[in-house]
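See below for the structure under consideration.
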Number of protein chains: 2
Amino acid sequence: MLKGHLDAVLLATIGDDALHGYAIIEAIRARSGGHFDLPEGTIYPALHRLELAGLLASRWVQPNGGRKRRVYALTDSGRQSLVERRAGWQSFASGIDRVLGARA
Amino acid sequence: MLKGHLDAVLLATIGDDALHGYAIIEAIRARSGGHFDLPEGTIYPALHRLELAGLLASRWVQPNGGRKRRVYALTDSGRQSLVERRAGWQSFASGIDRVLGARA
DNA sequence: ATTAAAGCCTAGTGTTGCTAGGTATAACTT
DNA sequence: AAGTTATACCTAGCAACACTAGGCTTTAAT
């Protein structure tokens, strides 16, 4: 459903915070105005992929009175990648806009 | 490279004209300001797919002093699909914009 | 005690668009 | 005349992506 822009969405959603997967799903739903409601089967493998790529780092956290969570934060190259992907999105979107004759 | 929006791009590029594959590639390149330069291996299978789906109709044309071309035009449901996909793109793009905090 | 919610995970699959080829004709160069 | 470039069409195979559809555990609510 996110058509190749999932990584940018994940990086932007985490931003300067440290969020766990479930919270990321809710944050994306909230920030997109309910537009994107991503299944767990989309999120978790993507987080693993981004960590493997060195854009995210995770650690397990035990909140008092809750079960263990795996929280993710951007690495330096994750922050850099976010900047690039944001620019990439804008360039991409303006290209599509031109061709579709929409929002021109 | 078009991340799931290829069909919309093709339908919009053809529009009210009747274009052949090669001309579609050039039109996309021109209309996108050089941003999208799609290989033939992307275009031709996609045109076939859209024709199979009933969104495009093709016919062979022999221009005087040129080789045969297969020209594509939108069907009625192709026109309808284009309207839907344009709206879909705008909705999608504004969702991504919100999440990325870009072009807000 | 049961159910629901929070939280993590994976295997498998369909769609998509790419690479990397192949073929044929027309136009332009040398 | 020969060779190259541009035009024009095509396909097989592949890799990435994100989805479906499950499974597992712990805490909160009923």
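A note on names: the letters A, B, ... follow the listed sequences, proteins ahead of strands, and every chain is numbered from 1.
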Original post:
Heavy atoms under 4.0 Å, any strand shown: does Gly41(B) hit a base, just sugar-phosphate, or nothing?
Top reply: base

Original post:
Separation of Leu38(B) atom CG from dA20(C) atom P, in whole Å?
Top reply: 17 Å

**OP:** Please work out if Gly21(B) contacts a base, only the sugar-phosphate, or nothing of the nucleic acid, heavy-atom cut-off 4.0 Å.
**Re:** sugar-phosphate

Original post:
Please give, in whole Å, the distance from dC17(D) P to Lys3(B) NZ?
Top reply: 9 Å

Original post:
With side chains defined as the heavy atoms from C-beta onward, is the minimum distance between Lys68(A) and Gln62(A) less than 4.5 Å?
Top reply: yes

**OP:** Send over the distance from Asp7(B) CG to dT15(C) P, rounded to a whole Å.
**Re:** 12 Å

Subject >> Atom-to-atom span, CD of Glu40(B) to C1' of dA20(C) - whole angstrom >> reply: 12 Å

Subject >> Position toward the 5' end of DNA chain C (nearest nucleotide), Arg69(A) or Thr42(A) >> reply: Arg69(A)

Original post:
Start at the 5' end of DNA chain D and walk down; is the nucleotide closest to Trp60(B) or to Gly66(A) reached first?
Top reply: Trp60(B)

Subject >> Closest nucleotide among dG17(C), dC10(D), dA18(D) to the Leu6(A) side chain >> reply: dA18(D)

Subject >> Glu26(A) CD to dG7(C) P, straight-line distance once rounded to whole Å >> reply: 7 Å

Original post:
Of the nucleotides dC10(D), dT10(C), dA6(C), which one has an atom closest to the side chain of Tyr44(A)?
Top reply: dT10(C)

**OP:** Test for a donor-acceptor pair under 3.5 Å between the base of dA26(C) and the side chain of Arg67(B), counting only N and O atoms.
**Re:** no

Subject >> Between dT15(C) (P) and Leu52(B) (CG): distance, integer Å >> reply: 12 Å

**OP:** Quickly work out the Gln62(B) CD to dC9(D) P distance and round it to whole Å.
**Re:** 12 Å

Subject >> Non-hydrogen side-chain atoms of His48(A) and Tyr72(A) separated by less than 4.5 Å >> reply: yes

Original post:
Would you say the side chain of Leu2(B) lies within less than 4.5 Å of the side chain of Asp7(B), judging by non-hydrogen atoms?
Top reply: no

Original post:
Within a strict 4.5 Å, meaning less than it, do heavy atoms of the Leu55(B) and Leu82(B) side chains meet?
Top reply: no

**OP:** Name all pairs fulfilling the salt bridge (charged side-chain N to carboxylate O under 4.0 Å, His left out) condition that reach into residues 33-45 of chain B, sequence neighbours left out, sorted by first residue then second.
**Re:** Arg29(B)-Asp37(B)

Subject >> Whole-Å distance separating the CD1 atom of Ile43(A) from the P atom of dT10(C) >> reply: 14 Å

